[in-house]
Amino acid sequence: MNRNVDNSSQLPLLLHACCGPCSLEPVRLLQKRGFAPHIFYANSNIAPVQEYQRRRETLQDWAQSEGIAAFEGTYDPQAWEETAGRIGQAALEEAQNAPANDEANNRVISTGGGEAAGVKKSSPGPDIPAVLRVDPAKREARCRACYRLRLQEAARFAAEHGYEALGTTLTVSIYQYTNVIREELEAACAPFGLTPVFDDFRPYFDQAEQRSKELGMYRQNYCGCRFSEQEAAAQRAQRRAAAKAHKQAWREEHAEELAAEEQARQSKRAEKAAYAERQRQKHAALQAWRESQVRQ
């Protein structure tokens, strides 16, 4: 993309952005449609502060390299805790206190599946981390409150600085509640008379991933809040455990074959060792004979 592109004939739009990688495709597509997106980084949900700063710097560096205006909102994690955080903590504590055979134990957050960060059924059991047993409806409520806080801040900034339209990069992620994002974007724009520019960018998720890799961008492995960090860590641990269990099951199923292969390897090693020993003895005998000839 040409960083010196002339946007004078394009329509200004404030684009709420959660990070650098998620901004790549939305900016490209919006520019293609005739908009001149300006970035607004407003994400009080991101924790810890070092993570917030790293994502901000990644986004700012990229925007600067592309000649795109970028602004930062107020980082107020306490405001987030009092809204989305409060909802999330109550839901987590409920899951932690639920009996092992409670229906909540059947609810396991899936890391895939698009809309609504996907919720799938699983066998109940206390071994499933509580953070993955949160009631799906309450998890959605937590995310809705998070979207609302950030998009309302973006809408206020847009109105105060003369923008007429507002969009967001949040829908790039296949793990978000896309319909809820649309509702909250429209609700945030309404009081200020802004035009909500909603796009479902999920079809471009893979392209955004690839482009961010090629650009060497920092790419986070969780959405941003402390709950999503716990969820992502628990899901990774589950995948590792599942892979380990699968490997162990396969080894048990093929135990006889593996034992035969190991025996064959040991026999081969023994043959090589015996051959090496014979060669050593031959060389030693030859060396001794040579030495005896010299002495004569």
Show your working on side chain to side chain contact (heavy atoms under 4.5 Å, CB included) between C225 and R142 and close with a plain yes or no.
-> CA-CA 10 Å; C225 77; R142 180 193 88 205; 4.2 Å; yes
Residues Y163, H38; criterion ring-ring contact (aromatic ring centres under 6.0 Å, His included); working and verdict | CA-CA 10 Å; Y163 291 92; H38 293 175; 5.6 Å; yes
Between N43 and R55, does a side-chain hydrogen bond (donor to acceptor under 3.5 Å, both in side chains) hold up when you go through it step by step?
-> CA-CA 10 Å; N43 302 292; R55 297 189 194 190; over 6 Å; no
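Residues E25 and K32 are not paired through a salt bridge, judged by the lack of any N-O separation under 4.0 Å between the basic side chain and the carboxylate. A salt bridge does not link E184 to R150: none of the charged side-chain nitrogens sits closer than 4.0 Å to a carboxylate oxygen. Salt bridge annotation for R86-E81: absent, with no cationic side-chain nitrogen under 4.0 angstrom from a carboxylate oxygen.
Residues K282 and E277 have side chains not in contact (no heavy-atom distance under 4.5 Å, counting atoms from C-beta outward). Residues R182 and D200 have side chains not in contact (no heavy-atom distance under 4.5 Å, counting atoms from C-beta outward). Taking the side chain as every heavy atom from C-beta outward, Q230 and L92 approach each other to under 4.5 Å. Between E93 and Q89 there is a side-chain heavy-atom pair separated by less than 4.5 Å. R33 places a side-chain heavy atom less than 4.5 Å from the side chain of D199. At least one side-chain heavy atom of F157 sits under 4.5 Å from a side-chain heavy atom of F71. Looking at H16 and E153, their side chains never come closer than 4.5 Å, going by heavy atoms from C-beta outward.
Within the structure, ring pair (Phe, Tyr, Trp, His ring centres under 6.0 Å) contacts touching residues 219-251 (residues at least two apart or in different chains) are W250-H254. Counting only residues at least two apart or on different chains, no ring pair (Phe, Tyr, Trp, His ring centres under 6.0 Å) pair has a member in residues 193-219.
Under a hydrophobic clustering in which Ile, Leu, Val, Met, Phe, Trp and Tyr are joined whenever their side-chain heavy atoms come within less than 4.5 Å, directly or via other members, L15 and I68 fall into the same cluster. In the hydrophobic cluster analysis, where Ile, Leu, Val, Met, Phe, Trp and Tyr join through side-chain heavy atoms closer than 4.5 angstrom, W62 is grouped together with L13. Cluster membership check: I181 does not share its hydrophobic cluster with I87, using side-chain heavy-atom separations under 4.5 Å among Ile, Leu, Val, Met, Phe, Trp and Tyr.
The side chain to side chain donor-acceptor pair (under 3.5 Å) test with Q210 is passed by exactly one of E214, K213, Q207: E214.
More than 12 non-hydrogen atoms from other residues, nucleotides or ligands lie less than 6.0 angstrom from CZ of R236. Counting heavy-atom neighbours within 6.0 Å of E262 CD, excluding the residue itself, gives a total above 12.
A donor-acceptor pair shorter than 3.5 Å cannot be found between the side chains of Y147 and E183.
Remark: E229 pairs with no residue by the salt bridge (charged side-chain N to carboxylate O under 4.0 Å, His left out) rule, at least two apart or across chains.
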